[in-house]
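The structure appears below as structure tokens.
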Amino acid sequence: MIKVFTIEKYIDSIKENLQKNSDTLVENIKQILDFQFYNEIELLDFEAFNQPFNLSIMMFSMDRQANEVFYEGKDNNVFSGSHQLLQGVEYYNLPDDKSNEFWEFYEQSEEELSKGEEQLIVDWFVECWNKANGSSIKFPAYFVFHDDIKSLDLHKNK
């Protein structure tokens, strides 16, 4: 009997679907390199919002106390607040007729699948960040999953 769902097939499918969106993410990161950032911004937080099979990424301008920084002046060229890098990217396509089978498979391997999925997204973002020369941003920059307590320092790759 051929297994419809395997960890390897699932991970490969996610990797393939993320790669389809690499050019968009690279271009969107390149755009922020030219932003005129508000002088009270102390760091940038790139936050991934990960719903089942769907990913959005926002950039937030922050201070060191993890508060979002806003500019209330009149210069329209000054950036602060948030900026959408990706919205609603589907990274896995679940066939409707296989939903029950998939969720049984997912339940059995949830820890490994979840860990693999998260690592793929992080590695993919870092790859796009590097292609876009994101490290030229002068601020400390971090990649984090929404509501997670750990983040990746994009300049130190730790």
Side-chain angles (χ1 to χ4, degrees), residues 6-94 106 109-158:
T6 66
I7 293 170
E8 187 176 309
K9 283 182 187 178
Y10 179 70
I11 297 298
D12 286 347
S13 178
I14 292 172
K15 186 182 285 188
E16 183 180 317
N17 284 318
L18 288 174
Q19 288 302 324
K20 291 176 187 174
N21 293 281
S22 293
D23 290 344
T24 301
L25 182 55
V26 168
E27 287 308 309
N28 289 341
I29 293 170
K30 283 180 180 179
Q31 283 180 0
I32 66 171
L33 301 180
D34 295 328
F35 283 8
Q36 182 183 330
F37 290 96
Y38 181 41
N39 62 6
E40 291 191 22
I41 295 170
E42 296 176 303
L43 64 92
L44 298 176
D45 218 7
F46 294 87
E47 191 167 339
F49 296 84
N50 190 9
Q51 301 297 320
F53 319 132
N54 198 291
L55 178 69
S56 295
I57 300 174
M58 292 284 291
M59 178 188 73
F60 295 95
S61 60
M62 310 290 280
D63 65 19
R64 295 219 182 264
Q65 284 71 49
N67 297 308
E68 191 169 358
V69 173
F70 296 98
Y71 169 70
E72 296 182 16
K74 298 200 184 321
D75 186 345
N76 292 336
N77 295 318
V78 174
F79 173 82
S80 69
S82 62
H83 180 74
Q84 183 91 48
L85 292 174
L86 280 181
Q87 185 172 8
V89 167
E90 185 177 27
Y91 62 83
Y92 185 74
N93 187 2
L94 175 61
Y106 197 93
S109 306
E110 184 171 3
E111 189 174 323
E112 190 173 348
L113 291 171
S114 183
K115 221 183 264 186
E117 191 175 298
E118 193 173 284
Q119 190 60 53
L120 268 177
I121 292 169
V122 170
D123 292 347
W124 172 70
F125 184 86
V126 168
E127 179 184 315
C128 292
W129 170 263
N130 291 333
K131 281 183 185 173
N133 196 23
S135 60
S136 68
I137 290 176
K138 65 179 179 168
F139 299 104
Y142 301 92
F143 182 82
V144 63
F145 285 94
H146 182 66
D147 286 341
D148 203 339
I149 58 170
K150 61 187 184 304
S151 63
L152 174 71
D153 182 322
L154 291 165
H155 289 293
K156 296 178 182 173
N157 203 21
K158 292 182 180 181

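Because the structure is a prediction, the values reported are computed rather than measured. FYI, side chains are in, hydrogens and waters are out, and symmetry mates aren't considered; it's all heavy atoms of this structure.
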Nearest 0.5 angstrom please: [X] [atom1] to [Y] [atom2], how far?
{"X": "L154", "Y": "L43", "atom1": "CG", "atom2": "CG", "answer": "11.0 Å"}
{"X": "I32", "Y": "I137", "atom1": "CD1", "atom2": "CD1", "answer": "4.0 Å"}
{"X": "N130", "Y": "I29", "atom1": "CG", "atom2": "CD1", "answer": "9.0 Å"}
{"X": "H146", "Y": "E47", "atom1": "NE2", "atom2": "CD", "answer": "6.0 Å"}
{"X": "N76", "Y": "Y71", "atom1": "CG", "atom2": "OH", "answer": "8.5 Å"}
{"X": "E68", "Y": "S80", "atom1": "CD", "atom2": "OG", "answer": "8.0 Å"}

Quick check against the 3.5 Å criterion: does [X] have a side-chain atom that pairs as donor or acceptor with the backbone of [Y]?
{"X": "D63", "Y": "Q65", "value": "yes"}
{"X": "S135", "Y": "H155", "value": "no"}
{"X": "T6", "Y": "K9", "value": "yes"}
{"X": "S61", "Y": "G81", "value": "yes"}

Tell me yes or no: between the side chains of S13 and E16, is some donor less than 3.5 Å from an acceptor?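 Side-chain D/A pair, S13 to E16: absent.
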
Is it the case that Y91 and N21 place a side-chain donor and acceptor less than 3.5 Å from each other?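 The criterion, which ignores hydrogens and geometry beyond distance, is not satisfied for N21 and Y91.
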
When you look at Q19 and S22, which way does the side-chain contact (heavy atoms from CB on, under 4.5 Å) test go after all the steps? CA-CA 5 Å; Q19 288 302 324; S22 293; 3.2 Å; yes

Does [atom1] in [X] sit with more than 12 non-hydrogen atoms of other residues, nucleotides or ligands closer than 6.0 Å?
{"X": "D75", "atom1": "CG", "value": "yes"}
{"X": "D148", "atom1": "CG", "value": "yes"}
{"X": "Q36", "atom1": "CD", "value": "yes"}
{"X": "E111", "atom1": "CD", "value": "no"}

Which atom pair, heavy atoms only, marks the closest approach of [X] to [Y]?
{"X": "L33", "Y": "S136", "result": "CD2-OG, 3.7 Å"}
{"X": "D45", "Y": "M62", "result": "CB-CG, 3.9 Å"}
{"X": "N50", "Y": "E117", "result": "ND2-OE2, 3.6 Å"}

I want to check something: taking the side chain as every heavy atom from C-beta on, are [X] and [Y] in contact at a cut-off of under 4.5 Å?
{"X": "S114", "Y": "Y106", "answer": "yes"}
{"X": "F35", "Y": "H83", "answer": "yes"}
{"X": "V122", "Y": "F145", "answer": "yes"}
{"X": "R64", "Y": "P140", "answer": "yes"}
{"X": "E42", "Y": "F139", "answer": "no"}
{"X": "I14", "Y": "L18", "answer": "yes"}
{"X": "F125", "Y": "L55", "answer": "no"}

One pair to check against side-chain contact (heavy atoms from CB on, under 4.5 Å): L94 and Y92. What are the steps and the verdict? CA-CA 6 Å; L94 175 61; Y92 185 74; 4.1 Å; yes

Is the distance from the ring center of F143 to that of W129 below 6.0 Å?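 Ring centres of W129 and F143 not closer than 6.0 Å.
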
Carboxylate-amine/guanidinium contact K30 E27, below 4.0 Å: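 A salt bridge is present here (some side-chain N lies under 4.0 Å from a carboxylate O).
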
